[in-house]
Number of protein chains: 2
Amino acid sequence: MTGHPNESEGSPLPLRERKKLRTRRSLADTALRMFLERGYHEVTLEELVSTVEVSMRTFFRYYSSKEEVAMAAENELWDGYADEVARRQITGPVLAHLRECYASAVRGLPTDWTQRYLACRGLAARTPALRVYHAGTTQDLQLRIVEALEKEFDTDSREDVRLRLAADMALAAVRYGTKNWMRANRHRSRPGNAETLIAEVAQAFDALPGALTLTADTPPDTA
Amino acid sequence: MTGHPNESEGSPLPLRERKKLRTRRSLADTALRMFLERGYHEVTLEELVSTVEVSMRTFFRYYSSKEEVAMAAENELWDGYADEVARRQITGPVLAHLRECYASAVRGLPTDWTQRYLACRGLAARTPALRVYHAGTTQDLQLRIVEALEKEFDTDSREDVRLRLAADMALAAVRYGTKNWMRANRHRSRPGNAETLIAEVAQAFDALPGALTLTADTPPDTA
DNA sequence: GCAAAATATGCCAGTCACTGGCACTATGCC
DNA sequence: GGCATAGTGCCAGTGACTGGCATATTTTGC
């Protein structure tokens, strides 16, 4: 009576999976909080796992590295973005398509995600090891996006670099849009939400054509 | 009598510096050779330093990580590229400028560099840890380039993202140009030299405008 | 409810990249 | 030759990460 697998049909996940999810979240949340309070390198994994009360071995069954647990929030976004690109059918300009996929992915995340993302990116900004990890996952994402897009075109991207270049441009827009979003977040006292993030990224997308033709003779303040 | 500091004026570097250079090169060359023969993870630093006959402590005075010594050839290029951008005065389109700087940097490297570069990139392609490191150094390079370019413009790039986006596009072109160069190198039996690398990268630069406007309705094989 | 199969977890011992501190040694300068 | 200034080696330690096996906890079939 105490623990029927589905007491009502309200719980879609098996009980075991729920517990795993809870452990996973607990690890990521606790890690992020500790890293923010005391600094990434000042917190050892031993301290983390003893706080969450799991063994070291178990930690590595959930996350494959210390960096990964710190950047869990970003990986949620990357996964959502890549999934969105894989799911949607592309019509029209590639860059506009990718911008839409990104916006959908951000909107598909839980409401508390924004704060976690802001926190982990802030941490990464002052932690070289995390910056390197971030660069790695971004490159990974780029690969996943190209592979997903490639299925919609008949030529493969090894022959024609334009698809890969377009994916890279989109990623650059995401990168700098996010950067500006975080910067704005530091200056204004307002917390900044998912929609302002999407807006910043959209703005960076819009700046792409101007970047392509940017010259030294007409400096960039002609906007 | 056996070792006067400057027997003739033919040695521009102090004897001590020459020895340091020699150790540095020896470490990088030996490391690359061992990694290629037996795989990156199968070679421990202990084996490397005992082969080169320096202590572990000394190794870390030359290279700050195992990844760095493996990718030494690439770092030479990145340093040369960043230096070139910092040195040259920019005129005209930013992207054309960056393409020229890259070409100059490649031409400024020693003749044996090409083979080492090919080798270390090939190794990185099949070694996840090195791919991550590579992503990190690339992001670092991007930052250096933006900082150098920023001095030539009066606006800083935080206000206007176009400069950063342009630097990113240039880097994407370098990335995929290099990728195609390596691929061509596997297929053709000819070794591939600095000029073919520059040509591939230039080709990728030329593809940038087409990537910007790439659409799903007119597939990429319309070239 | 209960055994059996499947899965998750914990413990232990080990490897390896990387670091700080100090003594030692070789080079450059006079 | 002698002194200051490096570069180097040794040692002991930390901390991330892994393999193997025993243990606990669900789930499944009855």
Can you see if the side chain of Thr58(A) gets near the phosphate of dG10(C) - specifically, an N or O under 4.0 Å from OP1 or OP2?
yes

Hey, are Asn180(A) and Arg164(B) close enough side-chain-wise for a donor-acceptor pair under 3.5 Å?
yes

Contact letters for nucleotides 11-22 of chain D, in which S counts primed atoms plus P, OP1 and OP2 and B counts the base, heavy atoms under 4.0 Å:
----SSBBBB--

Interatomic distance, Tyr63(B) OH vs dG7(D) P [rounded to whole Å]:
15 Å

Side chain proximity check, Tyr81(B) to Ile145(B), heavy atoms < 4.5 angstrom
yes

Whole-Å gap separating C1' (dT7(C)) and OH (Tyr62(A))
11 Å

Between Val201(A) and Trp181(A), is there a side-chain heavy-atom distance shorter than 4.5 Å?
no

Does Tyr40(A) have Lys66(A) sitting over its ring (NZ/CZ under 6.0 Å from centre, angle to axis within 45°)?
yes

Just how far, in rounded Å, is P of dT15(C) from CD of Glu47(B)?
13 Å

Taking 4.0 angstrom as the limit, do Asp79(A) and Arg144(A) come out as a salt bridge?
yes

Glu76(B) bridged to Arg116(B) by N-O distance under 4.0 Å
yes

Crowding at CD, Glu37(A) (>12 non-hydrogen neighbours, <6.0 Å):
yes

Is the phosphate of dG7(D) approached by Lys20(B) (side-chain N or O, under 4.0 Å from OP1 or OP2)?
yes

Bend angle of the helix from dG1(C)-dC30(D) to dC30(C)-dG1(D), end axes from five pairs each (to 10°):
30°

Rounded to the Å, how far apart are Arg24(A) CZ and dT9(C) P?
12 Å

Sub-4.5 Å side-chain heavy-atom contact between Leu109(A) and Leu77(A)
yes

Do the side chains of Asp168(A) and Arg175(B) get nearer than 4.5 Å, heavy atoms only?
yes

Within this structure, what is the CZ-to-C1' distance between Arg18(B) and dG28(C), rounded to whole angstrom?
16 Å

Less than 4.0 angstrom between a side-chain N/O of Lys19(A) and OP1 or OP2 of dT26(D), yes or no?
yes

